Amino acid sequence: MMCCVECGVAVSETYRPMGPASFKLTKCTSCGAIADKYVEYELVLITLDLFLYKPQAYRHLPFNRLPFSPCSPITLMPPAL
C-alpha cells in the first residue's frame with residue numbers, strides 16, 4: 001500500500017494518468033498535501049533529501065518507490081552471522 005509522504009496515511013494512488021504522456025499528482029485526503037511529490041523528482045534529488053534527513057524522502061523509498069513487500073524492513077535484512 002502506498003502512503004502520503006507528508007503525514008504517513010495510506011493512499012490508494014500517488015498519481016493518475018491523464019493521457020499517454022502526462023499525469024496528475026494526487027492529494028492526500030487526510031492532510032490535503034500532495035501525496036508524493038517525489039514521483040516527479042529525479043533520483044539525485046531524492047538522494048539529496050535523504051542526506052538532508054527529510055522524513056518525506058524516507059517514506060517515499062520503501063512505500064512508494066520500491067516494490068511493495070508485506071514484510072517489515074527488519075525481516076528483509078540478511079541473517080546475522
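All figures in this text were calculated on a predicted structure; none of them were measured in a lab.
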Enquirer: Which side-chain N or O atoms in residues 43-56 pair as donor and acceptor under 3.5 Å with protein atoms at least two apart or in another chain?
Expert:
from : atom 1 : to  : atom 2 : distance (Å)
T47  : OG1    : L43 : O      : 2.8
D49  : OD2    : Y38 : OH     : 2.7
Q56  : NE2    : E6  : OE1    : 3.3

Enquirer: Enter the distance from K24:NZ to T26:OG1 here, rounded to the nearest 0.5 Å.
Expert: 8.5 Å

Enquirer: When you measure from the side chain of D36 to the backbone of C3, do you find a donor-acceptor pair of N or O atoms at a distance under 3.5 Å?
Expert: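 No, because the side chain of D36 does not come within donor-acceptor range (under 3.5 Å) of the backbone of C3.
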
Enquirer: Linking I/L/V/M/F/W/Y whenever their side-chain heavy atoms sit closer than 4.5 Å, directly or via other members, would F23 and V11 fall into one cluster?
Expert: no

Enquirer: Work out which heavy atom in H60 is nearest to a heavy atom in V39; give both atom names and the distance.
Expert: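 Heavy atoms only, the tightest pair is CE1-N, 4.3 Å.
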
Enquirer: Assess whether side chain to side chain contact (heavy atoms under 4.5 Å, CB included) is satisfied between E40 and Y15, documenting all intermediate values.
Expert: CA-CA 10 Å; E40 56 186 10; Y15 66 91; over 6 Å; no

Enquirer: Please report the closest heavy-atom contact between C7 and C4, naming both atoms and the distance.
Expert: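 Shortest heavy-atom contact: N-SG, 3.6 Å.
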
